[in-house]
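Read the numbers this way: they start at 1 and go in the same order the structure lists the ligands and their atoms. What you see is a predicted model; the values in this text were computed from it and never measured.
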Amino acid sequence: MRPTDHVLVIFGASGDLTYRKLLPALFDLYSQSVLPENFIVLGVARSPMSRNDFCDKMKEGIINFSNLGKKYDSLIEPFLSRIDYLSIDTSDKSEYVKLKEKLLSIDNLYRTKGNYLFYLATPPNMYDTIAFNLKAVDLHIEIPNRYFRRIIVEKPFGYDLSSALELNNKLHAVFSEQQLYRIDHYLGKETVQNILVFRFSNGLFEPIWNRNFIHHIEITAAETLGVGNRGRYYEQSGAIRDMLQNHLMHLVALVAMEPPVLFEAHALQNEMVKVLQALRPLDKDSIESNIVRGQYTGARTNRGNLLAYREEKDVAPDSNTETFVAMKLFIDNWRWADVPFYIRTGKRLPSQLTEIIIHLKATPQALFKGQCTGPSCNKIILRIQPEEGIGMQFGLKSPGTGYNVRQVQMDFKYSELANTYIPSAYERLLLDAMHGDPALFIRSDAVEATWKFIDPLLQYIQTNKDFKLFGYPSCTWGPEEANQLIPEGWSEYPAYCSIEEEPKFTILS
Ligand code: BG6
């Protein structure tokens with residue numbers, strides 16, 4: 001069923017997110033005929049631009065970044081005919097009268113029935129201002145069964161616990177929680193949603209998915225790129241706020257949560273929140289011994305000379321921002337007591353991938369020659385991206401005489417599913433918000449739980465100048481100290497780049 005007719009109003013329409021992600025995803029939805037019959041995208045931004053110029057720019061974005069733009073290029077023009085643009089100063093309350101008038105005229109022309117979905121693709125310091133300004137002209141009021149008003153908010157949602165609480169309060173002063181859709185694009189990824197299906201639709205895995213059988217869990221989100229042009233944002237954020245507090249915490253929640261009683265938004269989100277609330281709080285000792293921060297330094301590699309983070313555009317030459325973080329954490333509940341979760345993320349690492357590995361305990365007795373005896377003889381590998389799929393590692397009798405064991409792997413790859421289109425994360429999430437399905441969005445109590453967990457770390461970094469920031473050369477797997485967190489060692493991956501000099505690991509501050 002298609003969503004109800006409506007106008008999607010994108011604030012921050014002249015920005016990168018709109019250009020690279022939102023419009024390409026909307027075009028892909030349009031190509032699959034899943035958008036409403038009567039549907040208009042209204043781009044709103046400060047930059048003065050004609051509708052035609054805006055459409056030209058969006059066309060370029062669609063051609064470069066959509067999945068289906070090449071296959072259905074004849075649909076690009078008809079899709080663009082559904083796009084409009086309005087230039088207003090979004091920080092000025094009085095300008096919202098123009099927005100309201102524009103929306104009314106769109107409703108009259110295109111029969112969009114007064115249903116508005118607002119998308120905040122702006123810098124976060126604009127979120128509350130825009131919400132209050134929408135309220136000033138009553139654009140936030142919805143009337144059940146007549147028309148809806150919803151608002152999608154991009155990450156980062158807050159800067160720390162107190163700012164996240166404050167933002168929640170401010171937004172709740174305008175919109176109810178049911179109208180608020182906080183996006184974490186990781187939850188829009190097929191492979192991330194599949195964690196739930198894999199765990200809760202198979203009798204095979206769930207019985208062993210606990211402390212009795214699992215030795216430890218490892219999560220890696222590695223990126224080969226540096227911060228590029230995002231230095232200004234990243235300086236305020238770093239890997240902890242950019243990746244750990246949201247994407248990685250939500251992966252932990254999905255891997256560790258209890259089965260929901262029903263597969264519907266409320267039940268699902270309840271279980272996610274319970275896990276996040278059970279994270280063992282961080283204190284001085286656990287921060288010092290279980291967390292490693294790093295920042296990439298320059299290196300000569302087969303991919304060229306890579307800049308140090310401190311040499312990137314808009315980055316302070318003595319920046320203390322981490323571009324890598326690794327941590328060992330525990331979930332204090334019955335299922336996971338004493339099972340370590342090792343998670344790491346970083347920029348300028350040697351591979352581009354996100355993977356979750358479940359390491360199972362060894363058998364109680366080793367019967368066979370060559371049998372793997374430690375933990376990790378059996379692994380379940382959830383490949384989130386790229387080469388999306390699932391792998392399983394186990395021991396096999398080596399063919400021939402005797403009973404020698406060798407490790408082999410069984411693999412499922414999404415690419416082997418015939419005629420299957422894998423939608424992008426933004427396609428999935430935009431469509432869910434249009435349908436009013438909040439299941440894959442982050443509820444306020446989940447946001448608060450993740451910040452509550454991370455906050456002591458942020459405060460510790462701020463107040464303890466001798467909590468080290470290690471320098472790791474670009475194209476290495478982060479500081480060597482991160483390897484000491486995990487006795488069994490992190491899993492190894494094929495490298496996209498190699499370093500052409502003796503790597504120099506340093507202490508930056
Ligand atoms: C974003 C971060 O939320 O996620 C980026 O701001 C990061 O810094 C990106 O590169 C990673 O997303 P993905 O989908 O490429 O893994």
What residue among V339, L276, V252, I217 forms side-chain contact (heavy atoms from CB on, under 4.5 Å) with I331?
V252

Considering residues at least two apart in sequence or located in another chain, which fulfil the side-chain hydrogen bond (donor to acceptor under 3.5 Å, both in side chains) criterion with Y234?
none

Checking D314 now: which residues fulfil side-chain hydrogen bond (donor to acceptor under 3.5 Å, both in side chains) with it, not counting sequence neighbours?
R232

Please confirm whether K170 makes a cation-pi placement over F132, using NZ or CZ under 6.0 Å from the six-membered ring centre and within 45° of the ring normal.
no

Report all protein residues having a heavy-atom distance below 4.0 Å to some atom of ligand 1; order the list by chain, then number.
K155, H185, Y186, K189, E223, R230, D242, M243, H247, K347, Q385

Exercise: do Q245 and T450 side chains pair donor with acceptor under 3.5 Å
yes

Could you work out, with salt bridge (Lys or Arg N to Asp or Glu O under 4.0 Å) as the rule, every residue matching E480, not counting sequence neighbours?
none

